[in-house]
Visitor: 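Dropping the structure in here first, questions after.
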Amino acid sequence: MHFIGIDIGTTSICGIVYDFLNQTTASITIENESKIDTGKPWENIQDPGWIVTSVIRIIKKFESKYDVIKGIGITGQMHGIVYVNKDGEAVSPLYTWQDNRGNMILNSHITYAKFLTDNTGYKLSTGYGMVTHFYNIENALIP
């Protein structure tokens, strides 16, 4: 009986398989090469299709070596966001926690992140999904 854990990180994608009966593990780590270069220095976005394909490859490698996979756990970037359609398919890039659009200037004097901080009472930083989404709304970037 085996369990798989997948960590979708900004710089690498890691998989681990745990053999419950023998209490052993094996792992696979690949570099996350999904970055999309837009020429805009504040943007840090990735291709969600590349990420999904890489995760599936890791799972298939484990399935080819280990029978009876009982569960798969997945974790990913805490603040990143991706827009999806009604079928759950990605319709935008993944905006990572490293995206800096929240530090762009809104209304000539205040950043998007500072505006949200001042108006919500919560300390919100650039790269937080809410800040990214607010910027995208204000700049008509929602798919």
Side-chain angles (χ1 to χ4, degrees), residues 1-20 23-66 68-143:
M1 178 168 33
H2 302 89
F3 297 90
I4 297 173
I6 303 287
D7 178 39
I8 304 168
T10 308
T11 58
S12 65
I13 300 173
C14 307
I16 187 167
V17 64
Y18 177 67
D19 181 329
F20 184 77
Q23 296 185 351
T24 58
T25 62
S27 65
I28 298 171
T29 300
I30 60 171
E31 187 174 339
N32 187 335
E33 298 176 356
S34 67
K35 184 173 173 75
I36 299 170
D37 185 9
T38 65
K40 297 174 183 169
W42 64 87
E43 285 191 327
N44 196 314
I45 59 176
Q46 295 179 336
D47 177 358
W50 189 95
I51 293 169
V52 169
T53 298
S54 297
V55 168
I56 290 169
R57 280 190 200 135
I58 289 172
I59 292 170
K60 287 188 181 292
K61 282 183 184 179
F62 286 144
E63 286 178 330
S64 71
K65 293 181 181 180
Y66 305 95
V68 192
I69 304 293
K70 288 293 199 175
I72 300 173
I74 298 176
T75 186
Q77 300 174 29
M78 185 178 355
H79 299 294
I81 64 169
V82 63
Y83 297 100
V84 297
N85 65 18
K86 64 181 170 70
D87 297 318
E89 301 163 330
V91 294
S92 77
L94 165 64
Y95 299 89
T96 76
W97 64 273
Q98 294 172 322
D99 190 87
N100 283 304
R101 67 192 63 226
N103 283 336
M104 303 297 288
I105 301 298
L106 171 69
N107 298 332
S108 305
H109 68 286
I110 190 170
T111 68
Y112 289 84
K114 177 77 167 116
F115 177 86
L116 283 178
T117 295
D118 291 349
N119 285 278
T120 65
Y122 294 97
K123 174 71 172 114
L124 298 170
S125 299
T126 193
Y128 283 22
M130 183 177 192
V131 175
T132 300
H133 182 59
F134 176 59
Y135 176 95
N136 289 347
I137 289 170
E138 292 296 307
N139 290 277
L141 296 174
I142 307 295

Visitor: Considering all heavy atoms of both residues, which atom of Ser54 and which atom of Ile30 are nearest to each other, and what is their separation?
Guide: CB-CD1, 3.5 Å
Visitor: His2 and ring pair (Phe, Tyr, Trp, His ring centres under 6.0 Å): which partner among Tyr66, Phe62, Tyr18?
Guide: Tyr66
Visitor: Report yes or no: does Thr111 contribute a side-chain atom to a donor-acceptor pair with the main-chain N or O of Asn103 at less than 3.5 Å?
Guide: no
Visitor: Take Glu89 and Val84, measure what side-chain contact (heavy atoms from CB on, under 4.5 Å) needs, and give me the verdict at the end.
Guide: CA-CA 5 Å; Glu89 301 163 330; Val84 297; 6.0 Å; no
Visitor: Could you measure the distance from the OG atom of Ser27 to the CD1 atom of Ile58? Nearest 0.5 Å is fine.
Guide: 10.0 Å
Visitor: Hey, mind stepping through Thr126 and Met104 against side-chain contact (heavy atoms from CB on, under 4.5 Å) and telling me if it holds?
Guide: CA-CA 9 Å; Thr126 193; Met104 303 297 288; over 6 Å; no
Visitor: So, does Thr117 use its side chain to make a donor-acceptor pair with the main chain of Leu124 at under 3.5 Å?
Guide: yes
Visitor: Working to the nearest 0.5 angstrom, can you tell me the gap between Met1 CE and Ile69 CD1?
Guide: 11.5 Å
Visitor: Which value, rounded to the nearest 0.5 Å, describes the distance between Ser92 atom OG and Asp47 atom CG?
Guide: 10.5 Å
Visitor: Sequence neighbours left out, what pairs pass side chain to side chain donor-acceptor pair (under 3.5 Å) with at least one residue falling in residues 134-143?
Guide: Tyr83-Asn136, Arg101-Asn136, Tyr112-Asn139
Visitor: Check the pair Asp118, Ile110 against side-chain contact (heavy atoms from CB on, under 4.5 Å), reporting the backbone distance first and the verdict last.
Guide: CA-CA 10 Å; Asp118 291 349; Ile110 190 170; 3.5 Å; yes
Visitor: What is the minimum heavy-atom distance between Pro93 and Pro48, and which atoms define it?
Guide: CA-CD, 3.8 Å
Visitor: Donor-acceptor check, side chain of His79 to backbone of Gln77, threshold 3.5 angstrom: yes or no?
Guide: no
Visitor: How many angstroms lie between atom OG1 of Thr25 and atom CD1 of Ile4, to the nearest 0.5 angstrom?
Guide: 13.0 Å
Visitor: Quick check for you: to the nearest 0.5 Å, what is the distance between Ile51 atom CD1 and Leu94 atom CG?
Guide: 5.0 Å
Visitor: Check for a donor-acceptor pair, side chain of Asn32 on one end and backbone N or O of Gly9 on the other, with a separation under 3.5 Å.
Guide: yes
Visitor: Let's go through Trp50 and Ile36 carefully: what are the C-alpha distance in whole Å and the side-chain angles of both, what is the deciding distance for side-chain contact (heavy atoms from CB on, under 4.5 Å) to 0.1 Å, and is it a yes or a no?
Guide: CA-CA 11 Å; Trp50 189 95; Ile36 299 170; over 6 Å; no
Visitor: How close do Val131 and Ser125 get, heavy atom to heavy atom, and via which atoms?
Guide: CG2-O, 3.4 Å
Visitor: Less than 4.5 Å apart, any side-chain heavy atom of Gln46 and any of Thr10?
Guide: yes
Visitor: Would you check if the side chain of Thr96 reaches a backbone N or O of Asn44 as a donor-acceptor pair within less than 3.5 Å?
Guide: yes
Visitor: Which distance, rounded to the nearest 0.5 Å, do you find between the NZ of Lys114 and the CG of Leu116?
Guide: 11.0 Å
